[in-house]
Amino acid sequence: MMHFIMRVSYSFAFVTLLAVASTPCAHGAQKPPSFLFLLADDVGWADFSYNNGTTFTPNIDALARAKGTLLLQDFHSGGTICSPTRATILTGRNHFRDCVDSVYDCSDMTQCVPKFNFAPNKTFTVPMAVRAANNDYRSQFLGKWHLGSFYNDSEHYGGITSSPITHGFDEFNATVEVAPTATANCNCNPKWEGQCEYGHYNMSTHCAGSTGPGGNNCCFNYWWQDDTKPHGVTNLTNPTPPDDSLYLTSAFEDFLERRKGKPFYTHISFHNCHIPFVGTNVHRELCKAGVMCKPGNYSSAQLDYYACLLELDAAIGRVVTALKKHKYFDNTMLWLTSDNGPEGNCHPEGRCKPQWLETWPGSAGLLRGRKRDMWEGGHRVPGLVSWPRQVTQNRVSWWPTVTMDFLPTVMDVLGVDRPESQQGWGMDGRSILPLLMGEELADRGIGWMYLDTTKSAFRFGKWKYINNTESCNNADCKKPLLYNLQTDISEKHNIIDQHPDVREAIERNFTLWLKSVQTSRMLEQGCRPLTFNLPNTAT
């Protein structure tokens with residue numbers, strides 16, 4: 001019976017979403033909603049104070065507890081590192097389907113031209129969905145892109161054009177990869193170097209590419225589309241503020257001013273708090289004094305990280321204030337989450353000692369593992385959806401949800417479908433509109449992989465199967481693992497030998513899912529096939 005149920009649920013993921021009269025936008029008299037996706041970077045499940053985090057995050061806490069918010073305590077990133085999860089948000093699909101296997105290193109377009117082949121056959125995305133629903137929509141991408149090159153002639157420089165415009169956005173103001181959370185572009189001009197704030201690093205770090213305009217390879221600048229300029233883009237010609245999140249929230253506030261009440265979709269991808277995370281002195285002192293952090297004797301790295309979280313919280317507060325000022329808040333579906341768990345893997349078995357946090361301060365709380373891991377700490381992340389017009393009360397949900405669910409939910413709300421040429425393509429996400437309306441969801445399968453299939457996991461309902469993971473160096477975690485997450489959220493007890501029927505069912509469904517991902521890569525996108533490390537089970 002378990003085997004049959006799991007197959008039926010998995011097949012649901014490939015059912016085409018159809019417009020129905022009961023969806024919130026199906027009635028013409030209703031004003032179309034706006035959509036806002038807020039993405040933090042390398043922030044752990046237990047970093048915000050509503051989940052007992054060290055830093056006090058009053059704005060995020062208020063949003064999590066507000067009427068009209070569904071707090072998702074079993075929410076997951078679709079990948080366990082940066083670019084993969086970013087792809088899943090836009091496409092509703094596992095990132096391997098669209099040729100996003102890993103990440104690239106390129107600090108700025110003046111230093112390198114990424115050759116990153118994200119969705120070469122132009123998978124249907126969120127900005128395409130809102131445009132299909134209503135020409136009044138305008139879409140905007142802000143912040144960290146990390147899905148390819150901005151140049152419209154990248155191929156002339158050995159790269160691949162893959163900007164937000166390429167994938168459906170109307171406008172963008174973004175960095176091509178990661179950027180420091182303080183004085184982001186200070187190394188892009190020798191005249192700005194005196195403004196650089198490096199925090200506990202004491203120098204520029206995470207730099208990649210050839211020598212740029214600042215005489216180094218540590219320029220991290222913002223770019224936007226401009227058809228009058230070479231390569232169809234231009235960049236910022238003044239220094240960014242000490243708090244990078246201020247730059248992004250200001251760009252969003254300007255966008256709302258220009259919309260004048262018309263519907264929008266904005267994706268803000270904050271750099272907070274990926275390395276190099278650097279906090280402003282005022283926020284470091286607020287934490288050190290115990291005003292905005294729990295009392296403690298914190299390392300310099302911890303103060304930078306916690307200050308960075310404070311700045312993220314303040315930015316979220318400014319975003320909500322702007323939505324209310326322009327009368328968008330009640331009818332905006334707002335999602336807030338992180339792209340993966342906190343940085344700093346804990347070998348040999350994914351369990352961190354307290355002193356580890358002095359260098360790598362992000363917190364996954366009770367969860368085992370961190371960024372890159374198949375254990376929960378690698379991909380269970382903060383999650384909430386606010387939509388006061390439709391969510392009539394504050395609720396907490398423990399149903400498994402994932403970043404791939406964003407696009408199908410938007411499609412369901414707007415009553416749009418994927419183009420005919422893509423209706424047979426694989427889809428991993430599903431609409432959580434029923435969950436927002438107070439209904440329950442059926443169990444379904446969710447898969448994760450890191451770099452390739454040698455480190456992978458599959459979730460179905462309360463059951464979690466793992467086939468190797470990044471933080472594992474010991475033999476006992478190299479073998480197949482099975483956990484019951486309802487009773488063992490910390491993944492302490494491998495019960496695979498006690499449940500051979502569950503193991504067989506999950507491995508069969510895992511194998512089917514992996515093969516469907518391979519089909520997407522080869523037939524839908526035409527990218528190189530992967531060598532799959534399939535579970536040892538018959539199909």
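Just so you know, residue 1 is the first one in the sequence shown, and it goes up from there.
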Using 30° and 60° as the class boundaries, would you call the ring planes of His76 and His379 parallel, tilted or perpendicular? tilted

Between the side chains of Asp101 and Arg521, is the shortest nitrogen-to-carboxylate-oxygen separation below 4.0 Å, so that they form an ion pair? yes

Hey, can you tell me if His326 and Tyr328 have their rings parallel, tilted or perpendicular (30° and 60° cut-offs)? tilted

Could you grab the distance from atom CZ of Phe116 to atom OG of Ser154, nearest 0.5 Å is fine? 13.5 Å

Student check: side-chain heavy atoms of Asp98 and Leu90 closer than 4.5 Å: no

Value rounded to 0.5 Å, distance of CZ in Phe264 from CD in Gln140: 8.5 Å

Pairing donors with acceptors under 3.5 angstrom, does anything connect the side chains of Thr166 and Thr161? no

Asn94 side chain vs Thr88 backbone, donor-acceptor pair below 3.5 Å: no

Heavy-atom count around Asn238 CG within 6.0 Å, excluding the residue itself: above 12? yes

Can you see whether Ser49 engages Asp61 through a side-chain donor-acceptor pair at a distance of less than 3.5 angstrom? yes

Is the closest side-chain heavy-atom distance between Leu309 and Val43 below 4.5 Å? yes

Sole residue of Cys273, Cys82, Ser269 in side-chain contact (heavy atoms from CB on, under 4.5 Å) with Asp41: Cys82

Mind checking whether His271 and Phe277 have ring centres under 6.0 Å apart? no

Hey, is NZ on Lys288 packed in by over 12 heavy atoms from elsewhere, all under 6.0 Å? no

Would you say Met333 and Pro33 make side-chain contact, with heavy atoms under 4.5 Å? no

Give me the ring orientation class for Phe169 and Trp145: parallel if the planes are under 30° apart, tilted from 30 to 60°, perpendicular past 60°. perpendicular

So does Cys186 get a backbone contact from the side chain of Gln195, meaning a donor-acceptor N/O pair under 3.5 Å? no

Asn394 CG to Leu71 CG distance, which is reported to the nearest 0.5 Å: 7.5 Å

Separation of Phe141 CZ from Tyr265 OH (nearest 0.5 Å): 8.0 Å

Heavy-atom distance under 4.5 Å between the side chains of Leu435 and Thr401, does that happen here? yes

Ion pair present between Arg318 and Glu253, side-chain N to carboxylate O less than 4.0 angstrom? no

Can you confirm whether the side chains of Gln73 and Asn51 place a donor and an acceptor under 3.5 Å from each other? yes

Does some side-chain heavy atom of Asp74 sit less than 4.5 Å from a side-chain heavy atom of Arg380? yes

Tell me whether Thr332 contacts the main-chain N or O of Leu334 through its side chain, where contact means a donor paired with an acceptor under 3.5 Å. no

Sub-3.5 Å donor-acceptor pair from the side chain of Ser162 to the main-chain atoms of Leu147, do we have one? yes

Thr69 side chain to Arg65 main-chain N or O, any donor-acceptor pair under 3.5 Å? no

Can you see whether Asp108 engages Trp223 through a side-chain donor-acceptor pair at a distance of less than 3.5 angstrom? yes

Are His231 and Tyr157 close enough that their ring centers fall under 6.0 Å? yes

Is the backbone of Leu36 close enough, under 3.5 Å, to the side chain of Thr266 for a donor and an acceptor to pair up by distance? no

Picking from Asp244, Thr175, Asn235, what satisfies side chain to side chain donor-acceptor pair (under 3.5 Å) with Tyr222? Asp244

Does the side chain of Ser149 reach to within under 4.5 Å of the side chain of Met109, using non-hydrogen atoms? yes

I want to check something: taking the side chain as every heavy atom from C-beta on, are His156 and Tyr151 in contact at a cut-off of under 4.5 Å? no

Go through the steps for Trp425 and Arg97 under the test side chain to side chain contact (heavy atoms under 4.5 Å, CB included), then give the verdict. CA-CA 10 Å; Trp425 286 19; Arg97 295 187 188 274; over 6 Å; no

For Val113 and Cys106, which heavy atoms make the closest approach, and how far apart are they? N-SG, 4.4 Å

Nearest heavy-atom pair of Ser34 and Lys262: which atoms, and what distance? OG-O, 4.5 Å

Aromatic ring proximity Phe406/Trp335, centre distance under 6.0 Å: yes

d(Thr337 OG1, Leu39 CG) to nearest 0.5 Å is 7.0 Å

Contact summary for Asp42 and Tyr305, nearest pair of heavy atoms: O-OH, 3.4 Å

For residues Asn340 and Thr80, is any side-chain donor paired with an opposing acceptor at under 3.5 Å? no

Minimum-distance pair of heavy atoms, taken over all atoms of Ala307 and Thr280: CB-O, 4.3 Å

Using atom types as modelled and distance alone, determine if a side-chain donor or acceptor of Asn221 lies under 3.5 Å from a backbone N or O of Cys188. no

Do Asp304 and Tyr201 pair up side chain to side chain, a donor and an acceptor below 3.5 Å, judged on atom types alone? no

I'd like to know if the side chain of Asp313 and the backbone of Asn59 have a donor-acceptor N/O pair within less than 3.5 Å. yes

Give, for atom CZ of Phe37 and atom CZ of Arg86, the distance between the pair rounded to the nearest 0.5 Å. 10.0 Å

Do side-chain atoms of Gln302 reach the backbone of Ser299 as a donor and acceptor pair under 3.5 angstrom? yes

Please check if any side-chain donor atom of Asp330 sits under 3.5 Å from a side-chain acceptor atom of Trp387, or the reverse. no

May I have the step-by-step check of side chain to side chain contact (heavy atoms under 4.5 Å, CB included) for Ser83 and His95, ending in yes or no? CA-CA 8 Å; Ser83 302; His95 50 95; over 6 Å; no

Could you tell me if Asn173 and Tyr247 have a donor-acceptor pair between their side chains, going purely by distance under 3.5 Å? yes

Any donor-acceptor pair under 3.5 Å linking the side-chain atoms of Glu524 with those of Thr123? no

In terms of side-chain heavy atoms, does Thr234 have a donor or acceptor partner in Asp226 at a distance below 3.5 Å? no

Can you check whether Ser300's main-chain N or O pairs, donor with acceptor, with Arg284's side chain at less than 3.5 Å? yes

Could you tell me if Thr240 and Asn185 have a donor-acceptor pair between their side chains, going purely by distance under 3.5 Å? yes

Before you tell me yes or no, could you show the steps for Tyr104 and His146 under ring-ring contact (aromatic ring centres under 6.0 Å, His included), namely the whole-Å CA-CA distance, both residues' side-chain angles and the distance that decides it to 0.1 Å? CA-CA 8 Å; Tyr104 60 84; His146 215 178; 4.8 Å; yes

Check step by step if side chain to side chain contact (heavy atoms under 4.5 Å, CB included) holds for Leu436 and Val385. CA-CA 8 Å; Leu436 295 175; Val385 178; 3.8 Å; yes

Work out which heavy atom in Val278 is nearest to a heavy atom in Gly199; give both atom names and the distance. CG1-N, 3.6 Å

Taking side chain as C-beta onward, heavy atoms only, is Tyr198 less than 4.5 Å from Pro276? no

Atom of Gln422, atom of Asn121 and distance for their closest heavy-atom approach: NE2-O, 4.2 Å

